Amino acid sequence: MPETDNKDELVVKLLSIGGKGVNIPENVSEEIIKFGHLLDYDVMIGPGGTSRLYMNRDEDDENIRVVSGFILTEDGIWRSHAWLVLNNNNDYKIIDNIKAEKYFGVVMPY
């Protein structure tokens with residue numbers, strides 16, 4: 001399947017969840033297109049600040065994972081974004097530097 005068709009498929013999937021537009025970057029991970037899903041968890045604002053969220057992640061902490069995907073911002077546009085997810089005994093929480101309307105992505109295995 002050509003890359004354009006895959007991006008179109010992602011746009012349709014995101015807009016079916018909500019929003020009025022999608023800001024698609026030139027390179028979108030195939031994992032996000034194939035395996036991305038809505039992450040409907042409570043959001044905690046991390047102390048890392050803008051563009052420094054990864055400073056909140058202790059690489060030895062197996063309960064925290066990086067998520068890559070898209071967030072729905074308050075203007076109704078899906079934008080490429082990365083954030084953290086905390087799994088505390090199956091009580092999942094998103095850790096981010098902003099609170100988006102919705103989160104859609106893939107949890108990274110590392």
Side-chain angles (χ1 to χ4, degrees):
M1 182 179 276
E3 184 177 325
T4 303
D5 291 343
N6 288 344
K7 285 183 181 181
D8 292 343
E9 180 182 323
L10 179 61
V11 168
V12 169
K13 188 183 290 188
L14 290 170
L15 292 177
S16 74
I17 296 169
K20 61 182 180 182
V22 181
N23 185 352
I24 294 277
E26 190 172 314
N27 296 318
V28 178
S29 163
E30 281 295 317
E31 286 80 14
I32 295 170
I33 294 170
K34 290 180 182 178
F35 305 112
H37 60 280
L38 186 64
L39 299 165
D40 192 17
Y41 308 137
D42 289 337
V43 177
M44 298 173 16
I45 302 300
T50 304
S51 300
R52 298 187 186 278
L53 185 62
Y54 296 112
M55 292 176 71
N56 295 325
R57 180 172 184 254
D58 179 350
E59 291 184 19
D60 293 330
D61 189 345
E62 293 185 13
N63 296 324
I64 295 179
R65 292 284 184 263
V66 174
V67 183
S68 182
F70 288 81
I71 57 170
L72 181 60
T73 55
E74 62 185 32
D75 62 358
I77 305 297
W78 287 97
R79 301 180 193 286
S80 179
H81 190 66
W83 61 95
L84 303 175
V85 68
L86 169 66
N87 176 359
N88 189 8
N89 295 321
N90 293 322
D91 178 24
Y92 294 90
K93 291 196 178 2
I94 290 170
I95 305 172
D96 201 352
N97 53 359
I98 61 170
K99 186 171 188 323
E101 301 291 318
K102 296 188 184 291
Y103 290 80
F104 177 95
V106 175
V107 178
M108 298 296 147
Y110 46 84

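All residue numbers in this chain count up from 1 along the given sequence. Just so it is clear, the structure is predicted and the values come from calculations on it, not from any experiment.
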- request: Output all residues satisfying salt bridge (Lys or Arg N to Asp or Glu O under 4.0 Å) with Lys93, sequence neighbours left out; order by chain, then residue number.
  value: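 Listed in chain order: Asp91.
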Could you tell me whether the side chain of [Y] reaches within less than 4.5 Å of the side chain of [X], counting heavy atoms only?
| X | Y | answer |
| --- | --- | --- |
| Leu10 | Val28 | yes |
| Asp96 | Leu84 | no |
| Trp83 | Ile98 | no |
| Leu39 | Val85 | no |

query: To the nearest 0.5 Å, how far apart are CD1 in Ile64 and CG in Asn88?
result: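 Rounded to the nearest 0.5 Å, the CD1-CG separation comes to 9.5 Å.
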- prompt: Tell me the side chain to side chain donor-acceptor pair (under 3.5 Å) pairs involving residues 67-78, sequence neighbours left out?
  reply: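 Sorted pair list: Thr73-Asp75, Thr73-Arg79, Asp75-Arg79.
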- request: Heavy atoms only: give me the nearest Val106-Ile32 pair and the separation to one decimal.
  value: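 Smallest interatomic distance, heavy atoms only, reads CG2-CA, 3.7 Å.
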task: Test side chain to side chain contact (heavy atoms under 4.5 Å, CB included) on Asn23 and Phe70 and set out the steps.
output: CA-CA 9 Å; Asn23 185 352; Phe70 288 81; over 6 Å; no
- prompt: For Tyr41, what residues pass the ring pair (Phe, Tyr, Trp, His ring centres under 6.0 Å) criterion, not counting sequence neighbours?
  reply: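 With neighbours one apart ignored, the set is Tyr92.
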task: Report the residues that fulfil side-chain hydrogen bond (donor to acceptor under 3.5 Å, both in side chains) with Glu31, sequence neighbours left out, ordered by chain and then residue number.
output: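 Listed in chain order: Ser29.
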- prompt: Looking at residues at least two apart in the chain, or sitting in another chain, which of them share a side chain to side chain contact (heavy atoms under 4.5 Å, CB included) with Leu38?
  reply: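 Testing Leu38 for side chain to side chain contact (heavy atoms under 4.5 Å, CB included), a comparison that skips the adjacent residues, returns Ile17, Lys102.
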- prompt: Hey, quick one: are Ile33 and Leu72 part of the same hydrophobic cluster, counting side-chain heavy atoms closer than 4.5 Å, chains of contacts allowed?
  reply: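 Yes, same cluster.
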Shared hydrophobic cluster, Ile77 / Val11 (ILVMFWY, side-chain heavy atoms < 4.5 Å):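 No, it is not one cluster - the side chains of Ile77 and Val11 are not joined through contacts under 4.5 Å.
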